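A short write-up of the structure that comes next.
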Amino acid sequence: KHSLDKQRRGLLEELVSNLTDLSRGSSNFKKAVDFAVANINDHRFIVPAPSLVKGQFTRLLEKLELHSQVSKHAALSRAFSNLQGRKFIRNQWEQEEILYSKLSLVYHLADRVLEYTPACEIQLR
């Protein structure tokens with residue numbers, strides 16, 4: 001573990017050196033590296049925060065309702081509920097991570113959702 005921590009610190013020192021103009025011997029350089037070391041252990045990379053994703057979908061559902069997009073609101077609400085009810089794997093933490101990663105992907109793929117009309121709705125008009 002000690003060699004891993006030492007290797008990690010060395011990599012973070014290189015990162016701080018490459019991203020900043022701080023000189024390696026300065027107190028600010030040491031503070032920047034210490035900050036990176038202290039925070040890297042608690043950081044989960046590319047994992048969306050469940051509360052953020054839930055908030056995005058809640059605001060999107062409210063927006064659809066506000067703009068009288070009833071069928072889109074109902075479809076998104078059903079899809080959101082169905083995804084939340086699915087089991088992808090047994091481990092609860094990984095289950096939540098996978099769920100919110102998928103929901104985040106779906107949310108960010110939906111560009112201009114208020115302007116989108118599925119083909120089946122166009123045919124019905």
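These numbers come from a predicted model, not from an experiment.
- Residues Asn18 and Leu15 are not in side-chain contact: their nearest non-hydrogen atoms beyond the backbone lie 4.5 Å or more apart.
- Taking CZ from Arg59 and CG from Leu61, the interatomic distance works out to 11.0 Å, rounded to the nearest 0.5 Å.
- Glu14 has a carboxylate O that lies under 4.0 Å from a charged side-chain N of Arg24, or vice versa, which qualifies the two as a salt bridge.
- Nearest heavy-atom pair across Ala32 and Val16 is CB-CG1, 3.8 Å.
- For Asp5 and Arg9, the salt-bridge test fails: no basic side-chain N is under 4.0 Å from an acidic carboxylate O.
- With a 6.0 Å radius and a threshold of 12 heavy atoms from other residues, nucleotides or ligands, Asp21 has its CG atom at or below the threshold.
- With values rounded to the nearest 0.5 angstrom, His73 atom NE2 is found 9.0 Å from Leu60 atom CG.
- Val33 and Leu19 fall within the same hydrophobic cluster, where Ile, Leu, Val, Met, Phe, Trp and Tyr residues are linked whenever their side-chain heavy atoms come under 4.5 Å apart, directly or through other members.
- Annotation: the span from Phe80 atom CZ to Lys54 atom NZ amounts to 7.0 Å, rounded to 0.5 Å.
- Taking 4.5 Å as the limit, every side-chain heavy atom of Lys72 sits out of range of all side-chain heavy atoms of Leu76.
- No side-chain donor-acceptor contact under 3.5 Å links Ser26 to the backbone of Leu22.
- Here the side chain of Ser17 pairs no donor or acceptor atom with the backbone of Glu13 at under 3.5 angstrom.
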